[in-house]
Amino acid sequence: MVKTKIIFITGGVLSSLGKGVAAAAIGALLEARGLRVTFQKLDPYINVDPGTMNPFQHGEVYVTEDGAETDLDLGHYERYTTVTLGQENNFTSGRIYNNVITKERRGDYLGGTVQVIPHITDEIKEAILKVAPTVDVAIIEIGGTVGDIESLPFMEAIRQLKGDLGKENVCYIHLTLVPYIKTAGEVKTKPTQHSVKELRSIGIQPDILLCRTEKTLSKDIKAKIALFCNVGPEAVITARDVSNIYEIPLLFHEEGLDDRLVEVLNIWTRAPRLEHWQELAARIRSPKDRVEIGIVGKYVDLRESYKSLHEALVHGGLAHESQVALSYIDSERVEREGPEGLLGHLHGILVPGGFGVRGVEGKIQAIRYARENKVPYFGICFGMQLAVIEFARHVAGIPTATSEEFDQEAPDPVIYLMREWYDYRRDAIIHRDRETEKGGTMRLGAYPCVLKEGSLASQAYGSLEIMERHRHRYEFNNTYREGLKKAGLRISGTSPNGELVEIVEIQDHPWFLGCQFHPEFKSGPMRPHPLFRDYIGAALACKRGLEKERTLEL
Ligand code: GLN
C-alpha cells in the first residue's frame, strides 16, 4: 500500500507572514533529503479559480504547464523545488462547492441532505488524497488565517485526515508571528498562544510552530511558547526575517526543522544535501556587479502582481553573479512626462504582461525609447504585442497600427483575435469571434514553439524546440507578417505549423526581444531562465558600454 505522508501548513495571527515561501522552503529541504514532494494550496475564497481576480487585490495569477490559472504560491513551490504542478494542486472553496453542487444536481447523493460535514469536507479530502499518494510527502497549505469563518471546512477536513491516515502520517505546522515590541524591548508570545488556542479549539494540535520574528528566539522564549502551546521546545522554530528569501531553506535547517519533520512523520532519509543552497546564498550575498532594470507597467504599485517576473529577473542576475535593481515605472507617467527623464538611467527596459488600454501609449513610448536608444528590451506577452505595434507604427509606416483589444473597429489591427487556428493542446481547430470571446477563453498553458537558427532566442535556449506557458487572448495578425518582416522585424519563434507568431526580435540592436508567452513562470534560482539570463547579460553589456562612453568623454 502507498503510504501517504502529509504536512499541513496553517497560518495564524495575521496574513502575509510568508506561508507560501515557508511551504516551498520545506519542500526544498525534503528534496535535499532525497524525498519526492508535491504541493497543494487550498484557498478559502468562493471564486472557482483566481483567473478572474484583480491582481491588485490578489497578486499574480500563476499559470501552470497544464494551463491552470492558480494562486501565486504555486510559483514559489515550483521555484524552490523540481516539481511541476497543475490543475489539481490548487483548490478554492468555490471549486469544491461547485463540484459538490454538480454532484447534487446529477443526483449522486440519492436524495440525501447535502451538508458541509461530511459532503464538503469529503470533497476536500478527496482533492487532497488525489495528489498526496503520488509522492513521499505532500505539503498542503491552507490559505487565510486560523479563525476565519471561511476556512473552517478546510480545517475540519485536515483535522479528520489525521484520524483517517494515522498519527505518523500527518504533521501540522502552524506559522505565527512573534512580534518584537520596541517600547518593551522584547518579543511577545501572546498572539502565538492565542492563535494556537484557536487552532486547538477546532481540534488541531500543531506539531511544529514556525515563529515569524525579527529577532532570533532565545531558549527561554522557545520554552515559554512550547509550554503554552503544548509542544516540545525543539518544535518551536525561529523563522527570522531575511533579506533574501532563498536563504530560508538554510535557516530552517539550522533551526532543525527538517529533522523534526522526519521525526514526526517517522521517515528515514539521508542527511540533506544543501551545497547548492549554500552556493546560491553565497552568490546572492556578494554580487560582482549590478544593473538597473525598469519595468514599465500599470500595476506598478503592487509588486505582488509581478511576483514571478521579479524573481525571474533576480535569477537572470544570479546567472551573472549580479544584483538586479528593479524600478517599477508607471506607464501613465511616461505618457505625461516623456521617456527620457524616467528611463534615461536604465540598463534595460521591460514591458510585462497586461490587459486593457490604460497606460498603453506610455508603454509604446518606452519601447520606442528602448529601440531607438539601443537599450536592451524584453517584451513579455502584452509587451511583445506592444513592441509589434510600435514597430508597425514607427518603422513599417503603419501609423494606425493597434490591437483589437483597444479598438474593435481599428483599420490596422496588427494584434487581433485570431478567428481560426489550430490548438496544439486540444488538438483541434479553434473558431472564435467577438461573441464567443465574451466567455473569455484565453490561450492558456504550455505550447510548443520552434525557433529560428541564429536568433537571440535560439542562442539563449541552445535548442530549436521549446515549450512555454501562455495566458492571453490576442495574437500577432499574419496579414501584416510579410510587410513587418520586410521592414526588419524578425520572427524568430512560431508554433510548429508556423501559424502563431511566438517571438519577435529586431536586428541592429544589442538585445530586443518580445515573446507571446510568459517565460517567468519557468525560471528558478537553480535554473535561471535562458531569456532572462541573456537579457540581464545584455543589460550588463549596456552598462559597461555606457561607462566606457563616460570615461572617453572625461
Ligand atoms: N492583453 C493581452 C491579451 O489578452 C496580453 C495578455 C498578457 O499580457 N498576459 O492578449
Side-chain angles (χ1 to χ4, degrees), residues 49-56 58-65 67-70 72 75 295-300 302 304-310 312 328 331 349-364 366-367 377-390 392 401-408 410 413-419 421 423 425 430 432-434 436-447 449 468-478 480 493 495 499-504 513-523 531:
D49 66 44
T52 52
M53 291 167 85
N54 182 348
F56 266 134
H58 189 72
E60 162 184 278
V61 175
Y62 187 76
V63 181
T64 55
E65 285 291 288
E69 296 177 280
T70 69
L72 58 75
I295 299 177
V296 185
K298 186 169 72 168
Y299 298 127
V300 284
L302 210 87
E304 290 291 292
S305 52
Y306 291 131
K307 192 89 213 159
S308 295
L309 177 66
H310 183 121
Y328 291 85
S331 49
I349 292 171
L350 190 150
V351 174
F355 292 85
V357 72
R358 214 184 93 199
V360 151
E361 291 306 319
K363 293 181 194 177
I364 292 177
I367 298 168
Y377 174 74
F378 197 0
I380 294 177
C381 202
F382 206 35
M384 173 266 196
Q385 297 176 351
L386 297 179
V388 171
I389 294 171
E390 192 280 322
T402 189
S403 165
E404 273 187 354
E405 184 170 359
F406 321 134
D407 179 3
Q408 299 211 337
V414 293
I415 302 296
Y416 81 141
L417 202 66
M418 203 169 247
R419 307 301 191 257
W421 55 287
D423 186 307
R425 293 188 56 79
I430 307 289
R432 299 208 286 197
D433 56 44
R434 282 178 205 149
T436 56
E437 203 41 40
K438 287 204 179 109
T441 40
M442 283 204 246
R443 181 144 77 100
L444 279 171
Y447 279 83
C449 170
E468 290 283 4
R469 300 183 195 171
H470 291 249
R471 181 175 186 254
H472 55 98
R473 272 188 199 96
Y474 298 90
E475 305 281 352
F476 182 102
N477 185 344
N478 286 325
Y480 296 88
S495 54
E499 190 178 19
L500 302 165
V501 171
E502 307 285 41
I503 308 178
V504 298
L513 184 146
C515 53
Q516 187 57 83
F517 46 81
H518 287 272
E520 68 271 29
F521 294 141
K522 285 178 83 160
S523 187
L531 290 179

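Residues: numbered from 1 along the sequence shown. Numbering of ligands and ligand atoms starts at 1, following listing order.
Taking each heavy atom of F476 and M418 in turn, the nearest pair found is O-CE, 3.8 Å. The two residues V63 and G445 make their nearest non-hydrogen contact at CG1-N, 3.9 Å.
At distances below 3.5 Å, at least one donor-acceptor pair connects side-chain atoms of R425 with backbone N or O atoms of A446. At distances below 3.5 Å, at least one donor-acceptor pair connects side-chain atoms of N477 with backbone N or O atoms of P413.
By the criterion of a heavy-atom distance under 4.0 Å, neither the backbone nor the side chain of M442 is placed next to ligand 1.
Contact annotation: E475 has no heavy atom less than 4.0 Å from any atom of ligand 1.
For atom 4 (O) of ligand 1, the closest heavy atom belonging to the protein is R473 N, 3.0 Å. Of all protein heavy atoms, the one lying nearest to atom 6 (C) of ligand 1 is G354 O, 3.3 Å. Considering only non-hydrogen protein atoms, atom 9 (N) of ligand 1 sits nearest to R471 O, 2.8 Å. The shortest contact between atom 10 (O) of ligand 1 and any protein heavy atom is with Y474 N, 2.8 Å.
Each of R443, Q516, Q385 was checked for a side chain to side chain donor-acceptor pair (under 3.5 Å) with E475, and the lone residue meeting it is R443.
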Before you tell me yes or no, could you show the steps for R419 and E404 under salt bridge (charged side-chain N to carboxylate O under 4.0 Å, His left out), namely the whole-Å CA-CA distance, both residues' side-chain angles and the distance that decides it to 0.1 Å?
CA-CA 12 Å; R419 307 301 191 257; E404 273 187 354; 3.2 Å; yes
Report the C-alpha distance between R471 and E69 in whole Å, list the side-chain angles of each, state the deciding distance to 0.1 Å, and finish with yes or no for salt bridge (charged side-chain N to carboxylate O under 4.0 Å, His left out).
CA-CA 9 Å; R471 181 175 186 254; E69 296 177 280; 2.7 Å; yes
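Of the polar atoms of H472, none of the N or O atoms is found under 3.5 Å from an N or O of ligand 1, judged by distance alone. Of the polar atoms of C381, none of the N or O atoms is found under 3.5 Å from an N or O of ligand 1, judged by distance alone. Where the criterion is an N or O separation shorter than 3.5 Å, residue side chain and backbone included, G356 fails it with respect to ligand 1.
Taking the ring centroids of Y62 and F521, they lie under the 6.0 Å cut-off.
Of all atoms in ligand 1, numbered sequentially from 1 with element shown, those under 4.0 Å from a heavy atom of E405 are 1 (N), 2 (C), 3 (C). Within ligand 1, counting atoms from 1 as listed, the ones closer than 4.0 Å to a heavy atom of H518 are 9 (N).
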